[in-house]
Amino acid sequence: MPELPEVETTRRGIMPHVKGRRIMAVVVRQRQLRYPVPLRLKHELKNQIVYDVVRRGKYLLLCCDAGSVIIHLGMSGSLRIVARDTVAGKHDHIDICLDNDLCLRLRDPRRFGLLLWTRRNVMQHRLLRDLGPEPLTLDFDSEYLYQRSRGRRQAIKQFIMDSHNVVGVGNIYASESLFMAGIHPLRAAGRVALPRYVVLVDAIKRVLQQAIAQGGTTLRDFYYGDEQPGYFGQSLQVYGREAQDCRVCGSGIRQRRIGQRASYYCPVCQR
DNA sequence: AATCGCGCCTGACGGC
DNA sequence: TGCCGTCAGGCGCGAT
C-alpha cells in the first residue's frame with residue numbers, strides 16, 4: 001500500500017528516465033482501473049515531451065505541453081522502468097514507451113489505482129483541486145491544523161487522514177504519528193489543544209521525512225528492478241503490533257477499527 | 001457543512 | 001491437495 005513516502009520514492013526513481021523524454025507509444029492492456037483509462041490518451045500522448053514529474057499528495061503527474069497524466073497507485077500499484085521489450089506480467093496494465101528504449105510500466109493487481117489524462121491545468125482537476133496542503137511544506141503547520149479542527153467531533157485519526165485537511169497521511173503513518181504525539185486516535189479533533197497539534201504536526205513531518213529518507217536507499221531498484229521500496233525497512237512503533245509490548249511503556253498495543261480502518265495505539269501512552 | 005459507510009479488486013491466509 | 005470464505009485497504013462518492 002503505497003503511502004506518500006513510497007510515492008515520492010517512486011517519483012525520484014522514475015524521474016531520471018522519464019523527464020525530458022518523448023513519448024513514443026502508449027500500450028493499454030487493461031482499461032478497468034478505478035476509472036476507465038481514457039482511450040484518447042493513446043494518440044494525445046504520442047510525441048509529447050514529459051517536461052516534469054510532479055507529486056501532489058499521493059498523485060503522480062507526468063506534465064506535458066498538451067496536458068498531464070494523472071496517476072494514483074491505489075493499494076497495490078507500482079511504477080517501474082523496464083526495457084522496451086520486457087514481457088508484461090499479468091497485472092502490467094499500461095506501458096508508456098519513451099524515446100530511450102525504456103517504458104514506464106504501471107502494475108496494479110487490485111486495480112484501485114488510476115491513470116487519467118487531462119488537457120487543462122492539472123491542479124484544477126477535480127481530483128486535485130480540493131486537496132489540503134502538502135505535509136512537508138511550511139504551510140502545513142500546527143496553527144493551520146488547530147484552526148481547521150475547531151468544532152470537529154471527528155476522531156483525530158480520521159481528521160488527519162482526510163485529504164482535505166492534509167494530503168498523504170495514510171493509515172500506517174496516521175497510527176505512527178499519533179503514537180509519537182501521545183494522542184489517542186479516537187479523541188475528537190476539536191478537543192485536541194494547540195500545544196498537542198504542535199507535537200502532532202512535528203510527528204507527521206518526521207515520520208514521513210524519515211520514511212522518504214529510507215525509501216531513497218532503494219532508488220536503484222526502479223531500473224530493471226523488482227524490489228519494492230517502503231516502510232518495511234523501518235521499525236514501526238504500533239502499526240501491525242497488536243498485543244505486542246509498547247516499546248515505550250510495555251503495555252499491550254491495541255487494535256480497533258476506526259472508520260473502517262485498522263488502528264493501532266498504546267492505551268497508556270496515548271490519551 | 002460535516003460525517004458516515006459503501007464498493008471497487010485481488011492475493012494471502014485459514015479452515016476443512 | 002484444493003477449494004472456498006474472509007479480510008485488507010485508498011479514496012471518491014453518494015447518503016444522511
Side-chain angles (χ1 to χ4, degrees), chain A residues 1-11 28-38 55-61 70-79 88-94 106-116 118 122-135 145-177 185-192 204 207-208 211 226 228 230-232 236 238-243 254-264:
Chain A
M1 56 210 94
E3 296 231 22
L4 184 144
E6 289 73 40
V7 178
E8 177 61 20
T9 299
T10 298
R11 188 186 73 83
V28 180
R29 300 184 194 83
Q30 168 61 272
R31 289 191 69 201
Q32 302 308 315
L33 305 184
R34 167 176 271 278
Y35 304 105
V37 176
R55 181 185 58 74
R56 176 74 176 99
K58 295 183 191 173
Y59 290 94
L60 281 173
L61 313 172
I70 304 173
I71 298 170
H72 195 290
L73 300 177
M75 278 293 302
S76 58
S78 60
L79 283 170
K90 183 179 177 186
H91 301 295
D92 292 333
H93 305 317
I94 297 169
L106 175 68
R107 171 182 298 183
D108 187 1
R110 294 188 185 177
R111 292 193 263 142
F112 279 20
L114 64 85
L115 190 147
L116 298 173
T118 179
V122 65
M123 293 304 177
Q124 296 306 311
H125 190 277
R126 63 184 178 85
L127 293 177
L128 304 180
R129 68 185 172 207
D130 296 324
L131 292 179
E134 287 290 327
L145 206 58
Y146 173 74
Q147 290 302 338
R148 191 152 177 106
S149 68
R150 292 308 87 185
R152 300 288 191 92
R153 298 181 180 186
Q154 190 177 33
I156 183 73
K157 176 159 181 281
Q158 293 175 287
F159 178 74
I160 62 174
M161 287 180 67
D162 185 337
S163 63
H164 295 101
N165 301 323
V166 57
V167 297
V169 181
N171 198 41
I172 296 173
Y173 295 127
S175 282
E176 293 297 308
S177 319
L186 279 175
R187 175 171 288 273
R191 291 182 150 271
V192 175
I204 290 171
V207 75
L208 293 176
D226 58 4
Q228 279 280 11
Y231 37 74
F232 300 107
L236 297 172
V238 287
Y239 188 84
R241 299 192 64 242
E242 183 182 13
R254 300 218 176 130
Q255 189 221 45
R256 50 185 296 184
R257 300 191 73 74
I258 302 175
Q260 325 283 77
R261 305 287 152 72
S263 307
Y264 301 85

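No hydrogens, no waters, no symmetry mates; every other heavy atom, side chains included, goes into these values. Chain naming here is simple, since letters A, B, ... match the order of the sequence lines and numbering starts at 1 in each.
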Q: Would you give a per-nucleotide map of nucleotides 6-12 of chain B, 5' to 3', where B means the base has a protein non-hydrogen atom under 4.0 Å away, S means only the sugar-phosphate does, and - means neither?
A: SBBBBB-
Q.
Is it the case that over 12 heavy atoms from other parts of the model lie below 6.0 angstrom from the CZ atom of A/R191?
A. no
Q. Partners of A/R107 by salt bridge (charged side-chain N to carboxylate O under 4.0 Å, His left out), sequence neighbours excluded?
A. A/D92
Q.
Closest-nucleotide mapping onto DNA chain C: is A/Y239 or A/R126 further toward the 5' terminus? I mean the 5' end.
A. A/Y239
Q) Can A/R126 be said to sit on top of A/Y35's aromatic six-ring, NZ or CZ under 6.0 Å from centre and within 45° of the ring axis? A) yes
**Q.** Heavy atoms of other groups near A/R29 CZ, more than 12 under 6.0 Å
**A.** yes
Q: Could you tell me from which nucleotide to which nucleotide of DNA chain C, 5' to 3', there is an atom under 4.0 Å from chain A heavy atoms?
A: C/dA8 to C/dC13
Q.
Using the salt bridge (charged side-chain N to carboxylate O under 4.0 Å, His left out) criterion, which residues pair with A/R55? Sequence neighbours excluded.
A. A/E8, A/E134
**Q.** Inter-end axis angle, the helix from B/dA2-C/dT16 to B/dC16-C/dG2, with every axis fitted to five base pairs (rounded, 10 degrees)
**A.** 40°
Q.
Any residue in residues 145-156 of chain A with a heavy atom nearer than 4.0 angstrom to DNA chain B? Just list them by number, or reply none.
A. A/R152, A/R153, A/Q154
Q. What is the nucleic acid contact for A/F159, judged by heavy atoms within less than 4.0 Å: base, sugar-phosphate only, or nothing?
A. nothing
Q) If you measure from CG on A/L60 to OG1 on A/T10, what distance do you get to the nearest 0.5 Å? A) 6.5 Å
